[in-house]
Every structure is written in C-alpha cells, then in structure tokens.
Amino acid sequence: MSSLQALCSGLPLRPLPENRGRWPGVPHAPVRTPGLSPAEEQLALRNALRYFPPDIQELLAPEFAQELRLYGHIYMYRFCPDMEMRAYPVEQYPCRTRAAAAIMHMVMNNLDPAVAQFPQELVTYGGNGQVFSNWAQFWLTMTYLAQMTEEQTLVMYSGHPLGLFPSSPGAPRLVISNGMVIPNYSSRTEYEKLFAMGVTMYGQMTAGSYCYIGPQGIVHGTVLTVLNAGRRYLGVQDLAGKVFVSSGLGGMSGAQAKAAVIVGCIGVVAEVDRAALMKRHEQGWLMEVTDSLDGCIERLREARKRKEVLSLGYHGNVVDLWERLVYELDMTGELLVDLGSDQTSCHNPFNGGYYPVQLSFAEAQSLMASDPVAFKCLVQESLRRHVAAINRLAKENFFFWDYGNAFLLEAQRAGADVGKVGANKTEFRYPSYVQHIMGDIFSQGFGPFRWVCTSGDPQDLAVTDQLATSVLEEAIAGGVDPAVKLQYMDNIRWVREAAKHRLVVGSQARILYSDQKGRVAIAVAFNQAIARGEIKAPVVLSRDHHDVSGTDSPFRETSNIHDGSAFCADMAVQNFVGDAFRGATWVALHNGGGVGWGEVINGGFGLVLDGTLEAEQKAKMVLSWDVSNGVARRCWSGNQKAHETICRTMEEIRGLVVTLPHEVADERVLQQALRP
C-alpha cells in the first residue's frame with residue numbers, strides 16, 4: 001500500500017509495482033480508435049518509455065504496446081497507485097509550501113473514484129476530461145509539488161510536468177496548458193492521434209486544471225437553469241407538478257436528478273449505463289429507478305397528478321423515452337413533459353459520449369471499437385430521431401434548450417432539423433441555455449464561484465456557508481439592483497438547500513453564483529476567518545471555466561455575443577494571463593471543454609487563502625479582474641445589461657477605465673454608406 005510520502009518520492013521503479021491491469025468493478029473509459037500508422041505507434045511507445053530509465057524499458061515496452069493496441073492509449077496501469085485516492089487533509093501532504101499542498105489536495109480529489117468518471121484512465125468527467133495523460137505524469141507532478149519552493153513554478157504541458165522553473169513568490173506556483181494545438185490542426189481526427197502519442201490532452205474544463213468539485217457544481221448550475229426556465233418559458237415561480245426530461249447520469253449530467261428535487265419538480269432522466277445510474281441512486285441523488293418504459297410513463301403520470309417531487313432514473317435510451325412521450329401525446333392528447341434538455345457528452349459523440357438508440361449499451365461499446373464508421377452512422381441516425389421527437393413535442397406547450405454539450409451542433413452535422421430561419425451560425429431552432437436563460441446573468445457578472453476547505457473538515461465548510469450567506473444578506477440590506485437582489489436570493493436559497501441535501505462528493509466544497517462585489521466580499525470574509533482560527537486550514541478559491549470571463553465558446557458561453565467576435569478567443573486568453581500576474585496560485589488555459597475539442601478556448605485559476613494580508617490583496621485583484629474582463633467584453637459587444645454593470649463597477653473600483661461603445665443612432669447611416 002502506497003502512502004502520501006511514497007507518492008511524493010518519485011516514480012516507483014526499484015522494485016516496480018505489480019502490473020494489476022484494469023481493475024474489475026470500476027467503470028472504464030471506452031476503447032479509443034486513434035488510427036495510428038506503424039510509425040506513429042512507434043512514436044507513441046517511444047514517448048511513453050522516455051519517462052523510464054533504459055534498464056526498465058525492455059520490460060515495459062511490450063506491456064505499453066499491448067495497452068495501445070487494446071485501449072488506444074498508454075495509461076500505464078502498472079503505475080496506478082495502490083492507495084485510497086481522495087482529497088486528504090492539507091497538512092498531511094509532505095510539502096515545502098502551503099500552495100503545493102493545496103494543489104495536491106485538488107489533484108487527488110479529481111482522481112477520487114467517488115468523484116472521477118473513469119478513475120483508472122485518469123478521466124474526471126465528460127467521457128474524456130483527463131487530469132493527466134498517464135500515471136507517470138501523476139507521480140512526477142506529485143514529486144515536483146513536494147519539492148517546490150516559493151521561488152519556483154511548475155509548468156505543465158498537456159498533462160506532462162515540464163519541470164520546476166525559477167520564479168518569484170508573487171508568481172503562480174503552477175501554470176497549466178492543455179490541448180494548445182495550432183488551430184489548423186485542431187480537429188477531432190488529429191486530436192485522437194496526438195492524444196494516443198501522448199503529446200496533447202483534453203482537459204475538459206476543471207479536470208485538467210484540478211478544480212473539479214464533483215457533480216455539485218453542475219447541480220447548482222442546473223438548479224438555476226431550471227428555475228429560470230420555469231420563470232421564462234412557463235411563467236411560474238413554483239415548479240410543482242412540472243416535468244423536466246433529460247438524459248445522462250454521469251460525472252456532470254448526474255446532477256440533473258438532484259437539481260430536479262431541489263427546485264421541486266419531477267425530473268425524469270434516461271441513462272444507458274446501468275453502473276452510472278446505480279451510482280447516483282446509491283448516493284441518494286436519484287430517488288427511484290426503472291428498467292421499464294411503461295413503468296416510467298405510469299410513474300411520471302402519477303407524480304404529475306399528485307404534484308410530487310421526484311427524480312426518476314430510466315435505464316434505457318433517451319430517444320426511446322422521447323418517442324414514447326410523442327406516442328402518448330398522439331394517442332391520448334396528453335402532453336406529459338413541460339421542460340426538456342440533454343446532457344449526454346455530445347461533444348464526444350463517436351467515442352462513448354452518445355449511445356445510438358438502435359443498439360444496447362454493450363453492443364454500442366463493441367461496435368464503437370470494431371467499426372467506428374458504422375457506429376458514427378448509427379449515432380447520426382439516432383440524433384435525427386432524437387430531434388424529430390423533440391420537434392413534435394415542441395409544437396405544443398413544451399420548451400427545450402441546449403445545455404451547452406454540443407447536442408444541437410452535432411444534430412445539425414447529422415442532418416437533423418434544427419435550423420432556424422434567419423439565424424446566424426451560432427443559433428439553432430432551440431436556444432442555448434446561455435442565450436435565453438443564463439446570458440443576462442453573465443452580463444451582470446454572475447457566474448460559478450466556488451471554494452474548497454482543504455482541512456477536509458465539514459465544520460469548516462459549514463462556517464464558510466454561513467459567512468457566504470451573511471455577506472449576500474448584508475449586501476441586500478445595503479441596497480442592490482432588483483436583478484442583482486434576485487440572484488443573491490436564489491443563491492442564499494441554494495447554499496441552504498445544498499447543506500440540507502448533502503451535496504458534497506469528494507472534497508469539502510461549495511459553489512454559488514456571485515458577481516464581482518459578492519466574490520470579493522466572500523473571499524475577504526473567508527480570509528479573515530482563517531486568520532482568526534475560525535476556519536482551520538487554507539481555503540482554495542476557484543470557479544468553473546464556464547464563467548463570465550473564462551470561456552470563449554460560440555455555441556455556449558459567448559453564444560449571445562452578436563458583434564461578430566463570438567469565434568474570437570481574446571477574452572479567455574487575456575483572463576488566463578491577467579489572473580497569473582494579479583496573484584493566482586495557479587492558472588490553466590485549455591482547448592476544448594463542454595462543447596468539445598476545437599470548439600472553445602477556456603481557462604481557470606486556483607487561489608489559496610491562508611489568512612495573510614497578502615492573500616487578501618491577491619484575492620481582491622484576481623477576482624475583480626476575473627469578472628470585469630468578461631463584463632467589459634459583453635459591454636463592448638453591445639449588451640445593455642453588461643453596459644450598466646460595468647458602469648457601476650467603474651464607479652466602485654479605482655483605476656478601472658473601460659472603453660464604452662457608442663450606438664449607431666440612425667440605421668440609415670449604415671445603409672447609405674453601403675449603397676452600391
């Protein structure tokens with residue numbers, strides 16, 4: 001059995017650990033089909049062996065070659081640590097700096113089997129969101145973090161620890177880049193090859209930046225999304241008796257069941273993978289499960305009539321469920337669903353992210369590996385059927401939105417009827433949740449702010465919950481804009497419900513949506529509580545990359561940018577750089593995340609609060625920039641809400657001066673100037 005001390009002592013080479021291969025009884029990533037040439041296979045093997053001295057390479061070479069042939073990637077299963085992988089209390093890590101220990105806490109949380117989707121393949125969520133590319137990288141990273149001083153920075157190239165480099169105490173201790181492939185080569189086909197060769201990695205958003213906090217993060221986002229969808233589409237504040245249908249109970253999508261209960265509606269979620277479904281049921285996130293489509297419809301009807309709060313997992317394909325809802329509508333005239341979305345990993349549709357309705361789960365996994373072309377055809381046919389059923393229901397009083405997983409984008413590519421007359425190239429028949437539901441929130445500077453109590457003590461989390469709600473209540477009492485007040489009230493409710501519903505999986509973490517003023521005030525309150533000893537250990541501040549400033553994604557976060565810049569990534573890159581020199585403990589910049597490889601650039605940060613005045617100053621600088629950047633960009637694109645928000649912020653923050661746009665007062669000016 002390994003120990004934390006052993007994990008931080010370099011690769012275990014003498015003796016080598018036993019090769020136990022893939023563990024039984026845990027979920028594993030689908031077999032990848034990178035299509036490497038013989039020369040590329042040799043390069044992949046050479047790249048893996050360079051982590052090991054020559055006298056060991058002869059033993060490892062055939063083993064790694066077999067992994068490449070069997071699974072399409074060299075994970076180095078032999079080096080998967082033989083110890084409980086979880087976020088240990090920060091003081092237990094053998095480090096020279098508090099920052100390094102906090103980073104280790106976050107890394108190990110991302111690989112905790114209770115948190116990670118495919119822990120042995122180092123995938124945290126989303127089907128292919130890697131923490132590292134292989135286990136050698138994990139061991140080396142832990143070793144470097146243990147050695148690091150306050151005058152060094154660890155540099156990570158797509159999972160590979162390049163090394164420790166001299167820097168300054170004010171510099172980030174860790175700088176991460178994932179998937180930074182030259183744009184003309186950033187295709188799915190090239191990605192599969194580059195990942196198999198071990199030279200790039202898809203870090204999703206918070207998998208490769210070590211900031212994932214389990215499905216709680218997406219529970220919160222889904223709660224706000226469904227609440228606001230009810231307000232916008234159904235005109236109701238109370239969702240009792242309303243039915244929300246979706247799919248997916250994996251690392252991120254598993255949040256939908258719990259979110260339905262928190263908002264008080266009936267949530268029916270389809271999942272093809274029984275292991276994923278039962279994991280959520282055993283965690284208490286899913287109230288009931290059924291294998292029967294007839295039983296599912298009967299239970300839905302009953303709950304709807306009684307206005308029960310229910311989360312029901314259907315073990316089957318969501319296309320069957322949607323088509324059955326159409327059948328019930330056509331046969332009985334009864335519309336059994338009010339709201340709908342999709343949270344399959346459709347950013348990765350041909351490698352396990354979307355399972356076609358024509359095949360069983362096992363049949364799909366087999367065909368995916370044996371005949372990728374045939375599998376792709378079935379996926380695209382299934383997507384067309386999926387959309388056809390939704391289109392029929394949408395003729396009634398039913399509302400569907402894209403949850404930013406590239407569902408409508410992939411459906412369009414499959415030839416499904418998702419077009420919208422007069423739309424630009426980022427718009428479809430159904431809106432993205434960012435466009436219609438979350439867009440105004442981002443424009444006001446609200447986004448998924450989060451923190452982790454590195455003591456691992458639930459009591460510390462309870463203290464932070466109380467501090468955060470008190471800060472927001474004080475802000476409301478002091479007078480805020482009505483729209484801001486509504487968001488604060490929703491988030492106060494959220495924190496109280498989160499504690500009640502036992503949402504912690506893995507590290508002692510919490511998330512809430514807050515604006516710039518709220519984030520800064522909460523950070524200061526936490527830091528002062530640490531200084532007073534009310535919180536026993538440092539707190540890591542972070543956020544989802546899916547935030548006000550963190551992500552340029554034309555089909556999701558920036559889908560409501562209408563000045564032509566939705567496909568430009570200046571905001572996310574500037575955010576990464578700005579966070580780094582303003583005091584973030586670590587920063588990350590990624591290609592891909594959410595909607596898929598080549599479709600988005602996004603970044604994130606971690607900031608360690610340790611009770612010092614220096615930490616407080618860093619938090620003020622980082623958090624102010626981290627929100628203002630995106631609000632200013634949205635203001636420049638012509639968003640009125642963002643314009644109002646940034647003007648208020650300029651009055652409050654010394655040194656903030658933003659270029660404000662002037663509207664074209666008379667459209668005839670444009671027409672006359674462009675007349676032939």
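Side-chain atoms of His347 and Asn405 form no donor-acceptor pair, as typed in the model, at a separation below 3.5 Å. Of the N and O atoms on the side chains of Ser292 and Asp294, not one donor lies less than 3.5 Å from an acceptor on the other residue. Side-chain contact annotation: Thr222 with Tyr403, donor-acceptor N/O pair under 3.5 Å present. Between the side chains of His590 and Tyr202, no donor-acceptor pair of N or O atoms lies under 3.5 Å. In this model, no donor atom of one side chain and acceptor atom of the other lie less than 3.5 Å apart for Arg519 and Gln516. When only modelled atom types and interatomic distance are considered, Glu473 and Thr469 share no side-chain donor-acceptor pair under 3.5 Å.
With contacts defined as side-chain heavy-atom distances shorter than 4.5 Å, the pair Ser311/Trp285 does not qualify. Side-chain contact check for Glu557 versus Asp552: every heavy-atom pair is 4.5 Å or farther apart. Two residues are said to be in side-chain contact when any heavy atoms from C-beta on lie closer than 4.5 Å; Leu310 and Arg299 meet this criterion. Tyr488 has its side chain within reach of Val480: a pair of non-hydrogen atoms, C-beta onward, lies under 4.5 Å apart. In this structure, Leu239 and Val226 have side chains that are in contact, with non-hydrogen atoms separated by less than 4.5 Å.
A salt bridge links Arg231 and Asp490; the closest N-O separation between the charged side-chain nitrogens and carboxylate oxygens is under 4.0 Å. Using a 4.0 Å cut-off between charged side-chain N and carboxylate O, Glu381 and Arg384 make no salt bridge. Under a 4.0 Å N-O distance rule, the pair Asp402/Arg556 does not qualify as a salt bridge.
Across Val505 and Pro215, no two heavy atoms sit closer than the pair CB-CD, 4.2 Å. Closest approach of Asp547 and Pro448 over heavy atoms only: OD1-CD, 3.3 Å. Contact record, Cys211 with Asn110: N-ND2, 4.0 Å, taken as the closest heavy-atom pair. Taking both residues in full, the closest heavy atoms of Gln358 and Leu378 are given as NE2-O, 3.3 Å, listed atom of the first, atom of the second, then distance. Of all non-hydrogen atoms in Tyr212 and Arg450, the two that sit nearest each other are CA-NH1, 4.2 Å.
Cation-pi check for Lys376 over Phe350 is met; the charged atom lies under 6.0 angstrom from the ring centroid and within 45 degrees of its normal.
No donor-acceptor distance shorter than 3.5 angstrom exists from the side chain of Arg280 to the backbone of Ala255, with no hydrogens or angles considered. His386 contributes no side-chain N or O that, together with a main-chain N or O of Val319, makes up a donor-acceptor pair within less than 3.5 Å.
Of the candidates Glu328, Glu298, Glu334, Arg304 forms a salt bridge (charged side-chain N to carboxylate O under 4.0 Å, His left out) with just one, namely Glu334.
Counting only residues at least two apart or in different chains, salt bridge (charged side-chain N to carboxylate O under 4.0 Å, His left out) contacts with residues 500-516 comprise Asp465-Arg510, Glu497-Lys500.
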For this session: Using the side-chain contact (heavy atoms from CB on, under 4.5 Å) rule, take Phe244 and Ser341 through it: C-alpha gap first, then chi angles, then the decisive distance, then the call.
Result: CA-CA 8 Å; Phe244 169 61; Ser341 191; 4.1 Å; yes
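By the 30° and 60° cut-offs, the orientation of the rings of Phe400 relative to Trp322 is perpendicular. Classification of the Phe526-Trp451 ring pair by plane angle, with boundaries at 30° and 60°, yields perpendicular.
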